Every structure is written in C-alpha cells, then in structure tokens.
Amino acid sequence: MHSHRRPPCVAPKPAVRPDGQRAVIVIVVLVLGAALALTGMPVIVVAEVLATCGLIGAHLARRAPVAPAGL
C-alpha cells in the first residue's frame with residue numbers, strides 16, 4: 001500500500017488566508033444572495049444570478065488592463 005505521508009524534505013505549503021479584498025467580495029455575494037432570497041426569488045434563480053454575475057466579473061477582470069503601481 002502507498003502511504004500519503006510526505007518525505008521529510010518536502011515542506012507543506014502554508015494555508016492561504018483570504019485578504020481584505022476577497023473577504024469583501026464574499027460578504028457582498030452573501031448579502032446580495034440573502035437580499036434576493038428575501039424578496040421571494042427561488043433559490044435556483046438566486047444561484048443562477050450570482051453565478052452569472054461572477055462569470056461576467058471574471059471575464060471583465062481578465063480583459064481589464066493592468067494599472068501602473070503608483071495609481
């Protein structure tokens with residue numbers, strides 16, 4: 001049987017903690033989802049709206065030019 005233990009020479013990567021910007025995005029998505037659910041929208045529609053907004057945001061983020069570091 002194979003063991004899932006790593007050899008001692010391989011250091012595990014530390015866990016990546018979300019920074020402030022990612023935390024804000026998560027909070028906004030949760031608040032938006034809760035607001036849509038409280039209006040009486042079905043859960044499937046809320047999930048579709050949030051997924052569509054996420055896909056559009058990811059597409060726009062990939063297309064946006066990188067700003068200089070000083071801005």
Side-chain angles (χ1 to χ4, degrees):
M1 293 284 157
H2 294 286
S3 174
H4 292 290
R5 294 181 0 184
R6 294 184 180 144
C9 62
V10 178
K13 293 182 182 179
V16 178
R17 296 184 60 116
D19 56 359
Q21 293 175 347
R22 290 183 180 161
V24 168
I25 292 171
V26 170
I27 291 169
V28 167
V29 168
L30 291 174
V31 168
L32 181 61
L36 290 173
L38 288 175
T39 62
M41 292 180 87
V43 176
I44 294 295
V45 175
V46 171
E48 288 176 352
V49 168
L50 294 177
T52 303
C53 291
L55 291 173
I56 291 170
H59 180 72
L60 293 175
R62 280 194 303 261
R63 294 186 55 144
V66 177
L71 294 179

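Just so it is clear, the model here is predicted, and its values are computed rather than measured.
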inquiry  = Distance check, rounded to the nearest 0.5 Å: L30 atom CG versus L50 atom CG?
reply    = 9.0 Å

message = Could you report the tightest heavy-atom contact between M41 and V46, atom names first, then the distance?
response = CB-CG2, 3.9 Å

note = Members sharing V31's hydrophobic cluster, built from side-chain contacts under 4.5 Å between Ile, Leu, Val, Met, Phe, Trp and Tyr, are I27

query = Is I44 isolated, or which residues cluster with it under the ILVMFWY side-chain rule of less than 4.5 Å, directly or via members?
reply = none

L38: hydrophobic cluster co-members (side-chain, 4.5 Å) = none

query = Is V26 reachable from V24 through a run of hydrophobic residues whose side-chain heavy atoms are each under 4.5 Å from the next?
reply = no

